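Single-structure report; data block below.
Since the structure is predicted, the reported quantities are computational estimates derived from the model, not experimental observations.
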Amino acid sequence: MNAHDLRDLAAFAAVARHRSFRGAARELRVPVSSLSQRMRELEERLGVRLFNRTTRSVAPTEAGESLLHRIAPALREVEDALDAVSSLQGEPSGRLRINAPAPAAQLVLAPMVAPFLARHPRIELEIVVESTLVDIVAAGFDAGVRYEEDLAQDMIAVPLGPPERYRVVAAPSVVAAHGIPREPRDLLERPCIATVFPGRGRLAWEFEKDGRTLRLTPPCRFITNDTGPQVRAALDGLGFLMTFEGHVREAVGAGRLVSVLDDWCPRFPGPFLYHPSRRQPPPALAAFVAFAGAWRQGR
């Protein structure tokens with residue numbers, strides 16, 4: 001194995017993760033045409049097709065998926081070794097890739113970005129926002145952010161933010177027209193705004209009170225996977241919305257939205273930053289873990 005081969009394998013892994021030559025080329029900062037040619041040459045040397053290509057998509061073949069699964073941990077070890085050497089200079093550097101769901105990215109991570117990068121100017125931070133659960137190691141992430149129920153057991157997890165809660169809200173006009181729901185089942189007779197996740201369907205609304213847990217899927221007039229349009233729809237009077245408190249706190253405080261069923265919406269642990277167990281995490285990741293811990297104490 002020579003240096004040229006190692007660079008080609010790293011490029012292969014980038015294309016496989018992004019499922020796109022264009023996305024991988026941006027990450028690697030190389031021309032798309034050059035990257036595509038390198039992959040064709042790698043396939044010729046190995047004597048096997050690694051990607052199925054169409055005019056619209058790129059997907060690893062069975063052989064490509066197998067190769068990615070085998071080399072991803074090794075490539076990560078190489079990157080960690082190089083990061084460890086770089087850390088001897090004293091200032092953490094390099095790229096830090098974090099995968100996170102939208103609520104955690106918007107409410108918890110976003111306020112940290114500018115202060116963290118100001119403290120560590122040699123670190124390049126990339127946050128990829130998606131609701132689907134991914135294998136962060138295979139996908140080339142240094143860390144992920146998830147809530148407690150979605151955490152893998154073999155990962156190191158550290159609290160990233162304070163406890164959170166959901167709020168059920170609606171515009172004053174909706175409450176005036178349909179009345180205040182006294183218990184969650186009352187929402188089954190009222191217009192609502194729902195959340196849908198690609199591949200996971202509509203998100204059920206979960207309530208808890210006095211040891212009782214209720215899960216229901218109310219009728220909805222508007223369904224989307226984006227919080228921004230959901231909150232706007234609630235403000236415009238389309239129905240009741242269940243969302244993270246942080247998304248609607250200001251509107252509730254200003255009286256533009258009314259919060260209901262508060263006694264059915266207890267607090268729950270905030271998101272966790274998780275990453276694989278390593279004897280020495282990459283300096284950029286170690287710097288972020290330390291920063292996040294201090295940030296949480298200071299909030």
Side-chain angles (χ1 to χ4, degrees), residues 3-46 48-80 82-83 93-106 109-110 113 116-117 122-146 197-200 224-228 273-276 282 284-285 288:
H4 180 70
D5 294 327
L6 186 60
R7 288 194 297 270
D8 285 348
L9 289 176
F12 157 76
V15 176
R17 290 196 309 269
H18 286 277
R19 294 178 178 263
S20 163
F21 282 102
R22 190 173 302 279
R26 283 196 300 267
E27 175 185 330
L28 299 172
R29 296 184 174 90
V30 299
V32 175
S33 58
S34 172
L35 181 59
S36 180
Q37 179 63 30
R38 287 169 63 184
M39 292 302 96
R40 283 194 292 268
E41 292 174 355
L42 178 62
E43 289 175 324
E44 290 175 3
R45 292 201 303 274
L46 295 175
V48 64
R49 180 181 290 275
L50 298 174
F51 296 104
N52 290 318
R53 302 168 175 85
T54 70
T55 56
R56 296 186 176 182
S57 66
V58 177
T61 62
E62 183 178 355
E65 290 283 7
S66 176
L67 179 60
L68 178 65
H69 180 73
R70 295 290 297 275
I71 69 172
L75 289 174
R76 177 60 64 188
E77 288 294 327
V78 172
E79 291 178 3
D80 289 352
L82 295 175
D83 287 338
S93 62
R95 187 175 59 169
L96 174 62
R97 301 186 74 232
I98 299 176
N99 180 281
Q106 295 164 359
L109 289 178
V113 171
F116 173 71
L117 293 179
R122 298 182 61 198
I123 291 178
E124 175 187 332
L125 177 62
E126 177 183 347
I127 298 175
V128 175
V129 179
E130 56 185 336
S131 59
T132 55
L133 299 177
V134 302
D135 182 337
I136 60 171
V137 175
F141 291 99
D142 298 288
V145 177
R146 286 292 180 266
F197 288 144
R200 298 172 67 181
T224 180
N225 66 340
D226 192 299
T227 302
L273 182 79
Y274 69 99
H275 59 88
L285 175 59
F288 187 80

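- Here the CZ-CD1 distance, from Arg146 to Ile136, works out to 9.0 Å after rounding to the nearest 0.5 Å.
- Leu117 is linked by a side-chain contact (heavy atoms from CB on, under 4.5 Å) to Val113, Leu125, counting only residues two or more places apart in sequence or in another chain.
- In this structure, the separation between CG on Leu42 and CD on Glu44 is 9.5 Å, given to the nearest 0.5 Å.
- Atom CZ of Phe21 and atom CZ of Arg38 lie 11.0 Å apart (nearest 0.5 Å).
- Shown here for Ala25 and Val32, the closest heavy-atom pair between the two residues is CB-CG2, 3.7 Å.
- A search for side-chain contact (heavy atoms from CB on, under 4.5 Å) contacts involving Ala102 returns Gln106, Val129, not counting sequence neighbours.
- By the side chain to side chain donor-acceptor pair (under 3.5 Å) test, Arg49 pairs with no residue at all, sequence neighbours left out.
- Minimum heavy-atom separation, Leu68 to Ala16: CD2-CB, 3.8 Å.
- Scanning for side-chain contact (heavy atoms from CB on, under 4.5 Å) contacts around Pro73 gives an empty result, with sequence neighbours left out.
- Atom CG of Asp142 is separated from atom NE2 of His275 by 10.0 Å, given to the nearest 0.5 angstrom.
- Note on ring orientation: taking the six-membered ring where Trp is involved, the planes of Phe288 and Phe116 are perpendicular (angle over 60°, cut-offs 30° and 60°).
- For Arg40, there are no salt bridge (charged side-chain N to carboxylate O under 4.0 Å, His left out) partners, not counting sequence neighbours.
- Residues satisfying the salt bridge (charged side-chain N to carboxylate O under 4.0 Å, His left out) test with Glu65, not counting sequence neighbours, are Arg19.
- The heavy-atom pair separating Leu75 from Ala10 by the smallest distance is CD1-CA, 4.0 Å.
- We find the CD1-CD distance between Ile123 and Glu126 to be 14.0 Å, quoted to the nearest 0.5 Å.
- For CZ of Arg53, the number of neighbouring non-hydrogen atoms (other residues, nucleotides, ligands) closer than 6.0 Å is greater than 12.
- Shown here are the side-chain contact (heavy atoms from CB on, under 4.5 Å) partners of Ala24, two or more places apart in sequence or in another chain: Ala14, Val15, His18, Leu35.
- Summarising the geometry of Ser20 relative to Val58, their closest heavy-atom pair is N-CB, 4.3 Å, with the distance given to 0.1 Å.
- Atom CD of Glu62 has 12 or fewer neighbouring heavy atoms from other residues, nucleotides or ligands inside a 6.0 Å radius.
- In this view, Arg29 and Glu124 satisfy the salt bridge (charged side-chain N to carboxylate O under 4.0 Å, His left out) rule, not counting sequence neighbours.
- Leu96 has its side chain within reach of Leu285: a pair of non-hydrogen atoms, C-beta onward, lies under 4.5 Å apart.
- Evaluation of the salt bridge (charged side-chain N to carboxylate O under 4.0 Å, His left out) rule for Glu27 yields Arg17, Arg95 as partners, not counting sequence neighbours.
- Going from atom CD of Glu41 over to atom CZ of Arg45 covers 7.0 Å, rounded to the nearest 0.5 Å.
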